[in-house]
Amino acid sequence: MRPAATPRGALRTRRQAAGWPGALGMLATLLALLALAATSPSAAAQPADPSTAAPAPAAGPRAKVLRYAFRVAETNFDPAQVNDIYSRTVTPHIFEGLYGYDHLARPYRIEPVTAAAMPEVSDDFRTWTVRLQPGIFFADDPAFGGRRRELTADDYVYSFKRFADPALKSPTWTGLEQQGIVGLAELRREALEGRRPFDIDRPIAGLQALDRTTIRFRLREPRPRFLETLATGDLYGAVAREVVEHYGDAIGAHPVGTGPFRLVQWRRSAFIALERNPGYRDRVYDAEPAPDDAEGQALRARFAGRRIPMVDRVEIDVIEEEQPRWLSFLQGRHDFLEQMPASFIDLAMPGGRVAPNLAREGVRGYRVVRPDVFYMLYNMEHRVIGGLAPDRIALRRAIGLALDVPREIVLIWRGQAIAAQSPLVPGTRGYDPAFKSEMGDHDPARAMALLDLYGWVDHDGDGWRDQPDGQPLVLEITTQPDNQSRALDDLRAKNLAAVGLRVAYRPAKWPENLKAARSGNYMVWRVGGSAAAPDGLPALARYHSRQIGGQNMGRFALAEFDALYERMELIPDGAERDALFHEAKRLAVAYAPYKTLIHRIVTDLARPQLVGYRRPLFWQDWWHMVDIEPGAARR
């Protein structure tokens with residue numbers, strides 16, 4: 001645990017190299033290059049699991065390899081056991097859901113992927129029937145004993161059931177449970193209460209394979225937006241039972257699906273490589289941008305009818321520090337830079353335009369307000385910061401008011417963010433850009449007044465506020481050991497010290513922090529979340545008590561909020577639902593189990609050899625829809 005500042009401002013100091021001024025900048029660049037070399041894979045590198053290894057493709061003018069970096073490490077590649085955005089960027093390129101999103105349509109259009117057509121839906125939105133395309137096959141794998149394995153309706157029944165298996169501890173089970181698939185929660189409950197293995201073979205009314213290519217979903221209550229669940233291919237892609245049983249507990253390292261790519265190499269938290277699935281079906285580029293979407297129409301004209309995927313291989317380095325990731329793009333080691341580090345934004349996109357030196361190289365920039373939110377996550381079961389007592393609510397609200405988010409946006413994010421006024425994210429139903437709340441305020445005077453009023457005062461004269469009963473108060477904040485996190489930590493420690501609150505940071509790698517948060521073993525953590533569907537309700541799952549242990553990592557429980565959430569699940573979009581969204585946001589602000597911070601403005605950069613890129617909105621699969629033109633980098 002590392003201590004934070006004193007009230008007199010004796011803070012640790014750090015330099016972040018935002019450029020290369022003088023000798024310090026030269027040293028920072030040299031260190032960054034050394035770090036980049038340390039994180040880059042070599043042809044001789046061995047994966048953590050040798051069974052996923054494969055030789056690198058032969059170098060040659062025809063090889064098309066997409067190379068870029070993740071800024072945070074993946075966890076694993078079993079759809080039922082992942083929730084982080086990085087693992088979920090890999091999984092939809094290996095597994096395929098019944099439906100997906102049109103690559104070019106904006107705001108969005110859902111289309112069949114393995115389904116033969118759009119679903120047949122009952123008038124009460126409780127019965128959904130889907131027919132599969134015949135002739136879709138899983139990628140070859142030893143688990144199939146040398147046979148070609150065709151996708152069937154039973155595979156989807158099996159895959160959905162896996163989320164309910166208590167042994168898997170699926171972090172997204174609570175979200176699927178809320179869809180109300182008849183009999184699925186009961187099957188899980190029987191396993192838990194009877195302390196016996198989950199009976200995945202037992203038929204249930206809510207998940208039925210009517211024949212080899214027809215699936216019927218029956219839901220307890222109306223779910224007008226269930227199609228968005230079926231389009232979440234990064235989670236609900238088809239998994240083959242033979243593969244799960246063949247690899248057992250190692251299934252997270254052996255993803256085998258029907259998708260356009262297959263995993264061929266994986267060094268945990270360092271390097272991921274996928275190659276084109278040689279048995280992938282004959283599928284062509286097909287997208288429908290709006291008539292007035294000039295960029296989309298140009299991409300459609302260029303690629304329509306071409307077989308996908310167009311690239312042969314995808315290589316991903318995991319580079320957590322900003323400068324090495326930026327340098328890897330500058331040096332041409334990567335074709336693509338996702339989420340341009342904010343500390344270098346003025347070098348890359350001054351005034352919102354690609355810098356002249358990069359433009360001369362053919363680099364293109366893409367900037368959007370991302371449908372995501374960063375927030376401070378409070379453990380509502382923690383004895384000091386949690387609970388619904390007025391003094392605990394006052395402490396959480398005071399922390400939120402003390403944090404100088406506008407300054408954070410300027411100093412840390414370099415203007416590449418907007419203040420988040422609620423949990424709802426831009427571009428989703430329920431988000432209102434005109435909504436204003438306390439979440440967007442920086443008001444230290446009000447924070448101190450709240451703390452004084454509810455007894456969070458300095459009892460022993462050491463300069464720090466104590467608990468109302470006189471016990472010492474230390475805010476233990478979980479964090480990551482990267483430069484950006486350290487810069488954020490410094491700023492927030494200063495903010496909190498200014499109102500008399502002492503902080504101690506607990507740094508660990510992001511996957512370890514996620515594990516601790518899911519188990520409730522933390523006090524405060526900063527984390528982010530992205531929309532995976534057009535509806536805003538999933539963002540409110542963080543406040544729904546039935547999803548504690550899953551999406552609700554804050555472990556917040558309020559009957560009034562639950563009732564609003566469950567009503568919004570049932571009803572179609574319209575005025576009543578809009579009003580409920582507004583009331584839900586009001587409760588989220590009033591009880592403050594989370595402090596919403598920012599929505600990011602994301603800038604991506606692409607070198608000229610990467611063509612066809614368009615940032616997805618609610619989905620993560622796009623590698624199969626782009627091409628690499630090796631000659632373009634040399635022109």
Side-chain angles (χ1 to χ4, degrees), residues 78-83 97-98 119-130 152-211 214-230 232 235-241 244-245 251 518-519 537-538 540-553 555 557 559 561-571:
D78 178 7
Q81 298 186 67
V82 301
N83 194 29
L98 293 162
E120 299 171 11
V121 186
S122 64
D123 291 342
D124 62 0
F125 297 106
R126 295 187 188 199
T127 303
W128 297 67
T129 305
V130 180
T152 70
D154 281 318
D155 293 315
Y156 281 105
V157 171
Y158 175 77
S159 299
F160 274 91
K161 280 185 174 180
R162 289 186 73 234
F163 286 83
D165 186 347
L168 295 181
K169 299 179 181 178
S170 174
T172 53
W173 157 246
T174 55
L176 182 60
E177 182 184 22
Q178 286 307 116
Q179 298 303 311
I181 295 174
V182 174
L184 190 55
E186 291 78 6
L187 196 60
R188 174 185 172 88
R189 191 177 308 119
E190 287 180 19
L192 287 169
E193 293 176 354
R195 297 185 179 181
R196 54 177 176 264
F198 182 72
D199 188 358
I200 203 164
D201 292 314
R202 183 187 300 179
I204 59 173
L207 274 171
Q208 294 181 313
L210 303 183
D211 54 43
T214 308
I215 314 156
R216 184 171 63 198
F217 299 87
R218 284 181 171 165
L219 312 176
R220 286 194 310 268
E221 298 172 304
R223 288 291 183 268
R225 289 158 293 276
F226 187 62
L227 179 60
E228 294 176 12
T229 297
L230 299 181
T232 312
L235 294 179
Y236 306 127
V239 176
R241 182 170 187 162
V244 174
E245 294 178 349
I251 185 61
R518 285 178 179 160
S519 64
L537 193 61
L540 299 180
R542 300 184 186 105
Y543 300 79
H544 185 223
S545 69
R546 291 181 62 182
Q547 301 195 50
I548 289 174
Q551 297 301 304
N552 186 354
M553 291 191 294
R555 312 179 94 78
F561 193 96
D562 289 350
L564 289 176
Y565 183 94
E566 290 160 17
R567 177 64 180 162
M568 281 190 281
E569 287 184 306
L570 300 177
I571 61 177

**OP:** Work out which heavy atom in Ala153 is nearest to a heavy atom in Asp211; give both atom names and the distance.
**Re:** CB-O, 3.5 Å

Original post:
Residues in side chain to side chain contact (heavy atoms under 4.5 Å, CB included) with Pro119, at least two apart?
Top reply: Tyr99, Val121, Trp128, Val130, Leu227

Original post:
Quick one: side chain to side chain donor-acceptor pair (under 3.5 Å) partners of Glu569, sequence neighbours excluded?
Top reply: Gln178, Arg223

Original post:
Got a sec, which residues hit ring-ring contact (aromatic ring centres under 6.0 Å, His included) with Phe561, two or more places apart in sequence or on another chain?
Top reply: Tyr543

Subject >> Pairing residues for Arg218 by the side chain to side chain donor-acceptor pair (under 3.5 Å) criterion, not counting sequence neighbours >> reply: none

Subject >> Any pair counted as salt bridge (charged side-chain N to carboxylate O under 4.0 Å, His left out), so long as it reaches residues 164-180, sequence neighbours left out >> reply: none

Original post:
With sequence neighbours left out, what residues match Arg546 under salt bridge (charged side-chain N to carboxylate O under 4.0 Å, His left out)?
Top reply: none

Original post:
Under the salt bridge (charged side-chain N to carboxylate O under 4.0 Å, His left out) test, which residues partner Asp201, sequence neighbours left out?
Top reply: Arg241

Subject >> Side-chain touch Val244/Arg162, heavy atoms, less than 4.5 angstrom >> reply: yes

Original post:
Using a distance-only test with no angle check, is there a side-chain donor-acceptor pair under 3.5 angstrom linking Thr172 and Asn83?
Top reply: no

**OP:** Using the test side chain to side chain donor-acceptor pair (under 3.5 Å), find all partners of Tyr565 that sit at least two apart in sequence or belong to another chain.
**Re:** Gln547

**OP:** Given side-chain contact (heavy atoms from CB on, under 4.5 Å), test Thr129 with Thr214 step by step and report yes or no.
**Re:** CA-CA 7 Å; Thr129 305; Thr214 308; 3.8 Å; yes

Original post:
Quick check: does any side chain N or O of Ser170 sit under 3.5 Å from a backbone N or O of Ala80, one acting as donor and the other as acceptor?
Top reply: yes

Subject >> Polar side chain donor-acceptor pair, Gln208 to Arg216, under 3.5 angstrom >> reply: yes

Original post:
Looking at residues at least two apart in the chain, or sitting in another chain, which of them share a ring-ring contact (aromatic ring centres under 6.0 Å, His included) with Phe160?
Top reply: Phe217, Tyr236

Subject >> Those residues that, when tested against Ser519, pass side chain to side chain donor-acceptor pair (under 3.5 Å) (two or more places apart) >> reply: none

Subject >> Qualifying residues under salt bridge (charged side-chain N to carboxylate O under 4.0 Å, His left out), relative to Asp124, sequence neighbours excluded >> reply: Arg126

Original post:
Which residue pairs pass the salt bridge (charged side-chain N to carboxylate O under 4.0 Å, His left out) test when at least one of the two sits in residues 183-196, sequence neighbours left out?
Top reply: Glu190-Arg202

